[in-house]
Asks: 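I have a structure I would like to understand better, so I am pasting it below and will then ask my questions one at a time.
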Amino acid sequence: MRTTKMGEEGKGPKEAEQSPDLPESSAGSSSLRRAVESISSLISLSFSIKIFAAKWNTIRTKLEDLNSGLAAVQNCETDENPVLLGLVSNISGTVNECHGLARRCVDLSYSGKLLMQSDLDMLSAKLDLHARNLSEIYNAGVLTHRFAIVVSRPGNGACRDDMRFYVTDLMTRMKIGGAEMKRQALLNLYEAVVEDDRYVKVVVEQSDIVNVLISLLDSHEAEIQEWSAKVVSVISGFGSYKVVLIGAGIIAPLIRLLECGSEVGKEGAAKSLQRLTENSDNGWSISAHGGVTALLKLCSGCEGGDVRAELVGPACGALKNLVGVEEIKRFMVEEGVISTFIGLTRSKDEVLQINSIEFLQNIASGDEAVRSMVIKEGGIRALVRVLEYRSACSCKVRETALRAVENLCFCSTSCVTVLIRYGFVEQLMSFLRNGEASIQELALKVAIRMCAKSEEAKKALGGANFMTELVKFLDSKSFEVREVAAEALLNMVSIPKNRKRFVQDDRSMGLLLQRFDPKQGNSGNKKFLFSILMSLTSSNSGRRKIAHSGYLKNIEELAEAEVLDAKRLVKKLSTNRFRSMLSGIWHS
């Protein structure tokens, strides 16, 4: 059996010499295979070229694209298509020409730089023409798939060249393949970028594939849109690559998909927009293409139990990122976004709840007018509802809600009154008694803010036995928690009624005084503790319990050591009818 000689590959299919007993189908497949092998050999040779580097890099990229396209065609019934066979023959001729130019560049045997540059430019144009012709043949739908094999993904630890070849092959299938081949290529690319971050870099470095992904967002095939959006959403999660997507024009097709795509497509678009808006500089581009309106439309009209959280969650996240742009924030407020997001706090989805709560917090931050609108439209009630201990909300959601209460609800005493009316004090008690450590610490901080803002809050917390819980935290392993608890307790006992309650609680008094025992660990800074005792000495029963406790000697020792707060306390205890009892112990 004779095969076509390398020197004959540039001739047309009728001119190529072949054995009369060789079936036409075998001849077509053989010429295609030889073309692929010849291009692969040429690509390897091109890496040895040290001159005209920029031109050869461009040519090598085009050869890789062409090679992937021919590899994809090998999966099709090609033999009854004379146009394709003629194109393969022409490609082989161009490849032979390219081999000659490459060899001359390697050997530095060309006759002149300008002539070689001109030859390389013409070669590059020929490769572009071959790629367009191959794409037209594939898009015409005249090729029938024998099988749907895609180049296998390189294994873990693969070299960069192998990864690049694999991605280039997928790109070619996305460019020239039919709907099923495009879908399969996108699926394989998605799996690659999800499982190995290195593929993300390979994709971004090839601007052609980014442009292909963007064009497929506008595909008429829903599945192709969906898989393209999924790939883009992964890439957009890498901060250094967002600028590449923005520069390639990703915003407009994402918003079109958000408006008119399938549910899965919209979800991918929303996730991408959420990640892209983490840089608020992109806000204007999104707004200019109608993205803010599209995102608001997704979020509005959703009831907590009926919303598709996988879609609305990232849409809320994108809007939350955009509230930092003042003009966009004003537009959202005018569109009624506050009531929409108050409604979304009732969602059963954790991410959606967190995004909606943080949105309300962010949009009201530093803007008293908007803060008043949030409160007026039921924001406080919504937050308290989220914090209900019997609700199914996660610890993370409750932490977010507590921070929002701290940032939104202490702007005035009237807001604190509303909180108390809605049962917020009882919720704080539940968190302190049964909550996780992070919730307990937040609850303590919120209690301090409440005490500092309202006398009514101090009385309400005192009536709920809040001081009893606070004393327990004076023994916490965390220095910060101990300090927060002591500060909160100091605020509480500033109210006469609370002082009386505390002094009457022998257990709490005992736990407080134990903090002055040097044998006790975690005693730390006693500044707040001394201030609490000073406040308690304003009542006779308080002075009596301190003086008769077994810990007075520890306080006296601290006074003798010139601890100023201890000296003041001992002096206070030494007045009036206690002077005679304490005389000889201390002289001021």
Side-chain angles (χ1 to χ4, degrees), residues 214 217-218 225-226 228-230 232-237 242 245-246 249-304 306-347 349-365 367 370 373-374 377 379 382 400:
I214 292 174
L217 290 172
D218 288 321
Q225 285 184 334
E226 292 165 3
S228 183
K230 287 181 179 180
V232 169
S233 72
V234 174
I235 298 172
S236 63
K242 292 176 184 178
L245 295 175
I246 296 295
I250 194 72
I251 297 296
L254 281 176
I255 292 171
R256 286 195 292 271
L257 184 58
L258 193 68
E259 292 173 326
C260 306
S262 65
E263 288 293 294
V264 176
K266 289 179 179 179
E267 180 184 332
K271 286 180 179 178
S272 297
L273 290 171
Q274 180 181 12
R275 290 164 180 167
L276 292 172
T277 53
E278 287 172 359
N279 180 354
S280 59
D281 291 342
N282 298 326
W284 285 115
S285 178
I286 291 171
S287 179
H289 288 93
V292 177
T293 300
L295 291 166
L296 286 172
K297 186 176 180 181
L298 269 181
C299 297
S300 63
C302 297
E303 295 297 331
D306 302 329
V307 65
R308 187 170 183 269
E310 295 85 355
L311 172 57
V312 181
C316 288
L319 290 172
K320 179 186 72 175
N321 294 337
L322 292 173
V323 297
V325 182
E326 185 65 24
E327 291 80 358
I328 294 177
K329 181 179 83 169
R330 292 297 167 194
F331 173 75
M332 288 193 283
V333 170
E334 291 170 3
E335 292 295 306
V337 72
I338 292 175
S339 60
T340 295
F341 274 76
I342 287 175
L344 290 174
T345 61
R346 294 193 293 269
S347 170
D349 178 79
E350 179 185 273
V351 173
L352 182 50
Q353 275 192 301
I354 289 174
N355 277 337
S356 59
I357 293 169
E358 289 182 342
F359 175 90
L360 293 170
Q361 178 177 320
N362 291 356
I363 201 170
S365 178
D367 192 321
V370 176
M373 290 180 66
V374 171
E377 295 192 31
T400 304

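Note that the numbering runs from 1 along the sequence shown for the chain.
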Asks: Find the distance between CG (D281) and CD1 (I286) and round it off to the nearest 0.5 Å.
Replies: 11.0 Å
Asks: Looking at every heavy atom in both E377 and S339, which two are closest together, and how far apart are they?
Replies: OE1-CB, 3.2 Å
Asks: With rounding to the nearest 0.5 Å, note down the distance linking NZ in K320 to CG in L360.
Replies: 11.5 Å
Asks: Identify each donor-acceptor pair in which a side-chain atom of residues 322-329 lies under 3.5 Å from a protein atom, sequence neighbours left out, and give them as a table.
Replies:
residue: E326; atom: OE2; partner: R330; partner atom: NE; Å: 2.9
residue: E326; atom: OE2; partner: R330; partner atom: NH2; Å: 3.1
residue: K329; atom: NZ; partner: D367; partner atom: OD2; Å: 3.0

Asks: Heavy atoms, side chains only, cut-off 4.5 Å: are N321 and N282 in contact?
Replies: no
Asks: Can you tell me how far the CD1 atom of I214 sits from the CG atom of L254, to the nearest 0.5 Å?
Replies: 8.0 Å
Asks: Quick one, Q353 with T400, criterion side chain to side chain contact (heavy atoms under 4.5 Å, CB included). Give me CA distance, side-chain angles, the key distance, then yes/no.
Replies: CA-CA 9 Å; Q353 275 192 301; T400 304; over 6 Å; no
Asks: Applying side-chain contact (heavy atoms from CB on, under 4.5 Å), can you list everything that pairs with V337, at least two apart in sequence or on another chain?
Replies: L296, M332, F341, F359, I363
Asks: Does V232 offer a backbone N or O that forms a donor-acceptor pair with the side chain of S236 under 3.5 Å?
Replies: yes
Asks: Could you tell me which non-hydrogen atom of H289 sits nearest to which non-hydrogen atom of A252, and how far apart they are?
Replies: CD2-CB, 3.5 Å
Asks: May I have the step-by-step check of side chain to side chain contact (heavy atoms under 4.5 Å, CB included) for N355 and Q274, ending in yes or no?
Replies: CA-CA 11 Å; N355 277 337; Q274 180 181 12; 4.0 Å; yes
Asks: With side chains defined as the heavy atoms from C-beta onward, is the minimum distance between L344 and C316 less than 4.5 Å?
Replies: yes
Asks: Kindly compute the distance separating CD (E259) from NZ (K297), expressed to the nearest 0.5 Å.
Replies: 7.5 Å
Asks: Tell me if a side-chain donor or acceptor on D349 pairs with a main-chain N or O of A309 at a distance below 3.5 Å.
Replies: no
Asks: Counting N and O atoms only, with roles assigned by atom type, does the side chain of S228 sit under 3.5 Å from a partner on the main chain of Q225, one being a donor and the other an acceptor?
Replies: no
Asks: When rounded to the nearest 0.5 angstrom, what distance separates CD1 in I246 from CD1 in I251?
Replies: 3.5 Å
Asks: Let me see the working for S272 and I250 under side chain to side chain contact (heavy atoms under 4.5 Å, CB included), right down to the final yes or no.
Replies: CA-CA 10 Å; S272 297; I250 194 72; over 6 Å; no
Asks: Could you tell me which residues satisfy salt bridge (charged side-chain N to carboxylate O under 4.0 Å, His left out) with E226, sequence neighbours excluded, listed by chain and number?
Replies: none
Asks: Heavy-atom distance under 4.5 Å between the side chains of P253 and R256, does that happen here?
Replies: yes
Asks: Donor-acceptor pair, distance only, cut-off 3.5 Å: does the side chain of S356 make one with the backbone of L352?
Replies: yes
Asks: Just verifying a value: how many Å separate K230 NZ and I235 CD1, rounded to the nearest 0.5 Å?
Replies: 14.5 Å
